A.B. asks: 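I am attaching a structure below and will ask some questions about it afterwards.
Atoms within a ligand are numbered from 1 in the order they appear, just like the ligands themselves. Just so you know, these numbers come straight off a predicted model, no measurement behind them.
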Amino acid sequence: MIEYNHYRGSIYHCFESGGEVEPIYIEDGLMVVDVDSGKIVEVGAFNELFSKWPNANSSNHFKDSLIMPGFIDTHVHYPQYKVIASYGTSLLDWLNKYTFIEEQKFCDEAYASKVADLFLDELIKNGTTTAMTFCTSYKQSVDIFFTAAEKKNLRMIAGKVMMDRNAPEGLCDNSDDSYFDSKELIEKWHNKGRMSYAVTPRFAPTSSSEQLKQAAKLLDEYSDTNGNKGLLMQTHLNENIDEIEWVKELFPDSKNYFDVYDSFNLSGTNSVFGHCIYNTDEEYKRIADSGSKVSLCPRSNLFLGSGLFEVDKLEAFGIDFALASDVGGGDSFSMFQVMNEAYKICRLNDYNLDPVKAFYLTTLAAAKVLNMEDHIGNFDSNKEADFIVIDLKATELIKNKLETSNNISDILFNLMTLGDDRLIKEVYILGQNIYKKKEA
Ligand code: GUN
Ligand code: ZN
């Protein structure tokens, strides 16, 4: 006999129709989950569904709460868990002064394992149920990450950083090792349960041309087959002015920064480019034409003083994009707080990031950027039941502010402005509870 779990409460998610984001808010909703598969059977109004589901009356009933799809963080660095909040410098300096130092500690497997667990716990307590993460150049750091994620049954994407120059010797691989180590990890982890592999050249300055070729070779060798989506590719692009100047010196024959990746066949529908603050129109056009995706990292861009991205440009060129924390450049794991800063960056560019779109960019749009919209991102039937329960009375201020909110748009805007991990009351993975916030 098939067994079902029932969850009752206010439910919010969104879908897309004709290129528009359509919000769905059900004030008294019911979600039905197949216990065995952990997939959503249906979601609808409680009073319309309860007669069909005899056990619905004994549902888990979440009062003063909002049930939503788990957040999806499209660009983050798990080894930078302790780099977060490092003082006072800009990207290239910050990499040398803090990041490359910390990442060298991940040759110690016990250390890597401890941080992987801390990182995943922090994601979960912030309501992030899927992330695409950079690891370090040590292959064990990837193995350890996937092992930890698999134990918690999380849908995760990760990859070994490929980096063969312009970094401390201890962190540099060489292009052959990098290729074979990545290949070994792909064979072991890609499409194993909920794990996916992303080819991960850190950024153009730390890879030789030979290494970029090897990265493209991996993408080619594991391209989409038999309905299996191929490997993703993650890297950085146009984040910082000094970085861009450096790329010009290192790749004098390239038309622009994006062209470095593009000319090595690292662009395309499986490729996700972090930051993209300083894209030229020519680069936006090639990103769009190649079907490449973009991950925006507002908190990192403000924290490192990198610059202000332009959402209107991404939209005008028809590029798929989503939001990301970019911890440790970013200073918060909370996707509420990522949306908050995205909103402010948009304001500085005279663009209003409406709350329905902001939540779309941390759920369904993020799933699309990761080619995972068939599995996660909203509550369509047959998607995986990774969801969060938001406490609408988590803080005195939020509780009082929400008394003034007249519709779901207002509620969402208040949550993304005032919210953080305190709001995450419970987290469910494939319909199973894995986190309950401790009562204060
Ligand atoms: N560019 C190359 N590596 C990094 C990194 O670790 N963080 C950020 N924000 N940018 C990068
Ligand atoms: Zn990054």
A.B. asks: Could you check which of E243, M163, R202, H236 puts a non-hydrogen atom nearest to atom 11 (C) of ligand 1?
C.D. replies: H236
A.B. asks: Could you tell me if the ring centre of Y428 sits under 6.0 Å from that of Y435?
C.D. replies: no
A.B. asks: Does K183 NZ have over 12 foreign heavy atoms under 6.0 Å away?
C.D. replies: yes
A.B. asks: Are any of the N or O atoms of D326 closer than 3.5 Å to those of ligand 1?
C.D. replies: yes
A.B. asks: Is ligand 1 under 4.0 Å from a heavy atom in the side chain of L91, in the backbone, in both, or in neither?
C.D. replies: side chain
A.B. asks: Under 4.0 Å from any heavy atom of Q80, which atoms of ligand 1 are there?
C.D. replies: 5 (C), 6 (O)
A.B. asks: Taking atom types as modelled and ignoring hydrogens, do the side chains of N433 and E426 form a donor-acceptor contact shorter than 3.5 angstrom?
C.D. replies: yes
A.B. asks: Do the ring centers of W189 and Y197 come within less than 6.0 Å of each other?
C.D. replies: no
A.B. asks: Quick one: look at W94 and ligand 1, take heavy-atom pairs under 4.0 Å, and tell me if it's side chain, backbone, both or neither.
C.D. replies: side chain
A.B. asks: Using a cut-off of strictly less than 2.8 Å, determine whether H275 has an N/O/S atom near the Zn ion (ligand 2).
C.D. replies: no
A.B. asks: I want to check something: taking the side chain as every heavy atom from C-beta on, are F379 and P69 in contact at a cut-off of under 4.5 Å?
C.D. replies: yes
A.B. asks: Applying a strict 4.0 Å limit to heavy atoms, is F134 in contact with ligand 1?
C.D. replies: no
A.B. asks: What atom name does the N, O or S atom of D326 nearest to the Zn ion (ligand 2) carry?
C.D. replies: OD1
A.B. asks: Report yes if the distance between the aromatic ring centroids of F309 and F321 is under 6.0 Å, otherwise no.
C.D. replies: no
A.B. asks: Any N/O/S of H77 under 2.8 Å from the Zn ion (ligand 2)?
C.D. replies: yes
A.B. asks: Any side-chain heavy-atom pair from L212 and V260 closer than 4.5 angstrom?
C.D. replies: yes
A.B. asks: Got an N/O contact under 3.5 Å between E239 and ligand 1?
C.D. replies: yes
